[in-house]
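See below for the structure under consideration.
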Amino acid sequence: MPEVTAAGSAAPPRVQRPSAETRWADELERLAARDRTTGARVPEGWRLSPRSVVDFVLGDAGRRDGLGLEAKFVGERALVERCVVALATDRGLMLVGEPGTAKSFLSELLAAAVSGDSTLTVQGTASTTEDAIKYSWNYALLLARGPSLDALVPAPVHRGMSEGAVVRFEEITRCPIETQDSLLSVLSDRVLVVPELADEHRVLHARRGFAVVATANIRDRGVNDMSAALKRRFNFETVHAIADVARETALVQRQSDAILAEAGITSGLPGDLTEVLVTLFGELRRGHTADGRPVEQLSTAMSTAEAVSVAVATGLASAWFTGAPPRGEDVVGAMLGSALKDSDDDRSRLRGYLTRVAKERGGRWQELYAARGLLDG
Ligand SMILES: Nc1ncnc2c1ncn2[C@@H]1O[C@H](COP(=O)(O)OP(=O)(O)O)[C@@H](O)[C@H]1O
Ligand SMILES: [Mg+2]
């Protein structure tokens with residue numbers, strides 16, 4: 001038999017994006033082991049001590065007594081500590097901010113570290129109903145045997161309460177207010193009543209470890225679209241875009257290199273080009289250059305997440321089609337599809353930025369300036 005080649009490999013394709021608890025399973029184990037040896041206090045219903053949760057989220061690179069934990073969320077330690085405290089109290093945690101600031105990623109990391117499971121997730125949309133949050137029924141069983149626990153199909157909040165786990169509620173403000181408010185009694189009384197069930201199963205009391213982490217984008221719809229009653233039950237934390245160019249550049253380089261390596265591409269964006277990309281995104285996001293000159297902002301959120309996807313698109317296009325290391329014009333080309341979407345105004349704003357700002361700078365900036373024609377028509 002001939003050897004199976006990579007192209008015709010018989011192995012099933014891997015999953016596109018393993019969840020955090022799978023991807024970093026060994027780190028979670030090492031942290032749990034450290035908690036056991038040091039006798040760190042682990043809150044009831046949690047997998048790890050609060051300090052270990054924070055270390056997992058931020059990583060501990062460069063620490064002398066570290067466990068070699070990969071850097072994941074880039075942000076203030078104090079913010080992550082406040083998030084962890086909120087989860088340990090009987091309040092919900094609400095992460096708000098611009099799109100692409102890693103609110104979802106942070107909530108995933110927290111759930112993975114606290115409960116070992118980040119998949120109890122409700123995705124909020126205009127059509128999310130209470131069934132998708134709490135529970136629904138298997139109608140065949142319901143008709144055959146009447147309401148019973150067997151016929152009940154638990155949704156994330158039911159499961160989180162009965163298992164004592166963190167439940168994620170993504171984009172909560174996209175849901176109708178009445179649907180959001182179905183969380184009120186869950187958050188204040190920590191009970192879920194299933195009126196159809198017999199007495200002993202009617203009231204579900206949340207086990208320790210149950211908590212809700214919600215996220216909301218301030219661009220989509222305001223958090224004003226949340227009832228005052230529900231707001232009171234959450235601690236709000238704003239997640240800001242990374243302010244420091246060097247830290248953001250390192251993050252974009254690390255994440256895009258990792259994604260490209262998965263595709264078998266070992267030569268990612270050169271460091272100086274990544275820095276130019278991140279500087280450009282940051283200046284357009286903030287509406288002014290580093291030295292304070294005003295810049296017209298784009299309607300697209302120029303987030304770190306978008307910068308990573310532009311870096312990846314640039315790397316793929318050069319590896320697959322030009323065969324040469326990525327250059328400034330490849331970045332401009334990649335931005336057309338992945339960042340600028342369909343907005344003609346954004347194209348001409350970016351063109352204006354390249355004409356006025358990039359032109360005056362040296363190095364890689366000249367490659368971007370020279371490619372400004374790609375943005376015409
Ligand atoms: N501060 C950050 N730390 C780590 N990754 C970040 C950060 N900001 C953005 N990212 C990148 O952006 C991606 C998408 O973020 P996501 O969690 O979907 O954002 P949001 O939910 O705020 O819209 C993350 O997976 C990560 O690659
Ligand atoms: Mg999100």
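Computed from a predicted structure; not experimentally measured. Just so you know, ligand 1 is whichever comes first in the structure, and atom 1 is the first atom listed for that ligand.
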Notebook entry, point to check: Is there a side-chain contact between Arg51 and Arg34, using heavy atoms and a 4.5 Å cut-off?
Noted result: yes
Polar contact flag for [X] and ligand 1 (N/O pairs, less than 3.5 Å):
X      : result
Leu251 : no
Ile242 : no
Gly100 : yes

Minimum-distance protein heavy atom relative to [atom]:
atom                    : answer
atom 17 (O) of ligand 1 : Phe105 N, 2.8 Å
atom 21 (O) of ligand 1 : Ser104 OG, 2.7 Å
atom 22 (O) of ligand 1 : Lys103 NZ, 2.6 Å
atom 11 (C) of ligand 1 : Gln255 OE1, 3.7 Å
atom 13 (C) of ligand 1 : Ala305 CB, 3.6 Å

Checklist line | Candidate with minimal heavy-atom separation from atom 3 (N) of ligand 1, of Val74, Leu58, Val308 | finding: Val74
Note to self: Counting only heavy atoms, tell me which of Ala102, Pro99, Ala307 gets closest to atom 19 (O) of ligand 1.
What the structure shows: Ala102
Next item on the list: Measure up the Trp24 and Phe105 rings against each other and bin them: parallel (under 30°), tilted (30 to 60°), perpendicular (over 60°).
Entry: tilted
Report yes or no: does [X] contribute a side-chain atom to a donor-acceptor pair with the main-chain N or O of [Y] at less than 3.5 Å?
X      : Y      : value
Glu296 : Gly287 : no
Arg168 : Val213 : no
Glu21  : Ala113 : no
Gln253 : Leu269 : yes
Glu170 : Ser104 : no
Thr215 : Glu171 : yes

Notebook entry, point to check: Considering only heavy atoms of Thr101, which atoms of ligand 1 have at least one such atom less than 4.0 Å away?
Noted result: 8 (N), 19 (O), 20 (P), 22 (O)
Checklist line | For Lys72, atoms of ligand 1 separated by under 4.0 Å from a heavy atom | finding: 3 (N), 4 (C)
Note to self: Is it the case that the side chains of Asp35 and Ser49 hold a donor-acceptor pair, with the cut-off being a distance below 3.5 Å and no angle test?
What the structure shows: yes
Check: Measuring to the Mg ion (ligand 2), does Thr215 have an N/O/S atom at a distance below 2.8 Å?
Finding: no
Note to self: So, 4.0 Å and heavy atoms of Gly97: is ligand 1 close enough to count as a contact?
What the structure shows: no
